[in-house]
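Take a look at the structure set out below.
These numbers come from the heavy atoms of this one structure, side chains and all, not from hydrogens, waters or symmetry mates. Just so you know, these numbers come straight off a predicted model, no measurement behind them.
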Amino acid sequence: MKKILKIVIVIAIIILILAIGVRIIGKGNDDSGDKMKEKIMQEMKYMDKEIVSMLNLMNNITFSNYKVIESNQNNKQDQNSNESSQSYDQSTNTTSDNNTSSNTTSSGREGNTNTQSNNSTLMSMAPNTILNGNQDNNIDWKTLKKDIEIMYLSWSTIVEDLYSKEINGDDILKFGNLFDTVIINIKNEDKINSMKNLASMYNMLPIFIEKISGAGSANIQYVKSLIINSYVLVEEDKWDDIPIQLDGAINYYTKMYDENKNDNTGYILLEELKKSVQSKDKELFYIKYKYCMETILNYS
């Protein structure tokens, strides 16, 4: 009887040890999974921020109220002094050809030195507004080319992480193909196609997030995606298609926020953005887009 009891106790101890081991391993796997989920969500935020920034840059829109202006300043007094020096050199030309050559060379050097030393860059702050901006010209393609290349350097790591969470391979491949297309569009300084394909890239982000964190986490991303679609449609003058996108954005927004209990600013700004479509005025739409998008970004 005692022997049987000992055997039962040993078996119970073994079972207990195995249960504890399985629990520890399971907890370790859960922690690892949570860390990877958090990492991918940070990567999605990075892609979000970069794509929105590039789309805004296409129309020189930023969420900052002020921008830095650089201007070159020259000392007029030194310029007049240089002109007087050059006049003196020319007057000595009647005295001696050799002296003329010597004086002209010396004066030229002094003039260049004074000009270089008195050139300075003045930095100042100016209001960063839509109506005083220039949405159609002076796109900073140099910055866009730099940004898209830097973003692509992160893509190989993001791809591996997405595959590790068993994201649909076709969706990952589609995003990669869009990435390649955008690089070519920006290289060719093609504004319309750059914006359209950047928007298509952004449309993939809520799909990834929904797979990783669920539909609730993806709602705000769908709102921003539909706002961006409307922003691109303005560029194509497809005004009749914009309300459909914004109605979708409003529907996703109302899923997240109860109008009676939470801050309703985003909902109001979305309605204002939709109302601006009636005038078919790009600058008016851009103003509403800027402040609506800036507010929505604070919720994500």
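Here CG of Leu198 is found 9.5 Å from CG of Leu178. Values are rounded to the nearest 0.5 Å. One finds the CD1 atom of Ile209 at 12.0 Å from the CE atom of Met204 (value rounded to the nearest 0.5 Å). Note that OG1 of Thr143 and CG of Asp140 are 3.0 Å apart. Values are rounded to the nearest 0.5 Å. Leu246 contributes atom CG, which lies 7.5 Å from atom NZ of Lys274 (distance to the nearest 0.5 angstrom). The structure places CG of Leu226 at 12.5 Å from CD1 of Ile242, a figure rounded to the nearest 0.5 Å. If you take CE on Met151 and CD1 on Ile158, they are separated by 8.5 Å, rounding to the nearest 0.5 Å.
Hydrophobic clustering of Ile, Leu, Val, Met, Phe, Trp and Tyr side chains at less than 4.5 Å, counting indirect connections, unites Phe208 with Ile40. Tracing side-chain contacts under 4.5 Å through hydrophobic residues (I, L, V, M, F, W, Y), one never reaches Leu233 starting from Ile192; they form parts of separate clusters. Ile184 and Met54 are not part of a single hydrophobic cluster, where members link through side-chain heavy atoms under 4.5 Å apart. In the hydrophobic clustering of ILVMFWY residues, with side-chain heavy atoms under 4.5 Å counting as a link, Ile244 and Val277 come out apart.
Between Ser276 and Phe285, the shortest heavy-atom contact is OG-CD1, 3.5 Å.
Between Tyr267 and Tyr253, the two ring planes are tilted [angle within 30° to 60°].
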Item to complete: Check step by step if side-chain hydrogen bond (donor to acceptor under 3.5 Å, both in side chains) holds for Asn203 and Ser225.
Response: CA-CA 6 Å; Asn203 289 339; Ser225 176; 2.3 Å; yes

Worksheet item: For Ser154 and Glu43, what are the C-alpha separation, side-chain angles and deciding distance, and is it a side-chain contact (heavy atoms from CB on, under 4.5 Å)?
Response: CA-CA 9 Å; Ser154 303; Glu43 289 167 343; over 6 Å; no

Discussion item. For Glu189 and Lys145: C-alpha separation, side-chain torsions, deciding distance, then whether salt bridge (charged side-chain N to carboxylate O under 4.0 Å, His left out) applies.
Written reply: CA-CA 9 Å; Glu189 301 185 1; Lys145 290 171 185 177; 3.0 Å; yes

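Of the charged side-chain nitrogens involved, at least one lies within less than 4.0 Å of a carboxylate oxygen, so that Glu235 and Lys191 count as a salt-bridged pair. We find that Glu294 and Lys290 are not joined by a salt bridge, their nearest charged nitrogen and carboxylate oxygen being 4.0 Å or further apart.
The shortest side-chain heavy-atom distance between Glu272 and Cys292 does not fall under the 4.5 Å cut-off. Between Ile172 and Phe175 the shortest side-chain heavy-atom distance does not fall below 4.5 Å. The shortest side-chain heavy-atom distance between Ser217 and Glu210 does not fall under the 4.5 Å cut-off.
Judged by the 6.0 Å and 45° rule, Lys255 forms a cation-pi pair with Tyr252.
In terms of modelled atom types and a separation under 3.5 Å, the side chain of Asn59 and the main chain of Ile61 share no donor-acceptor contact. Looking at Ser53, its side chain never comes within 3.5 Å of a backbone N or O of Glu50 through a donor-acceptor pair. Judged by distance alone, with hydrogens and angles left aside, the side-chain atoms of Asn188 form no donor-acceptor pair with the main-chain N or O of Asp190 at under 3.5 Å.
Heavy-atom contacts from other residues, nucleotides or ligands closer than 6.0 Å to NZ of Lys211 number 12 or fewer.
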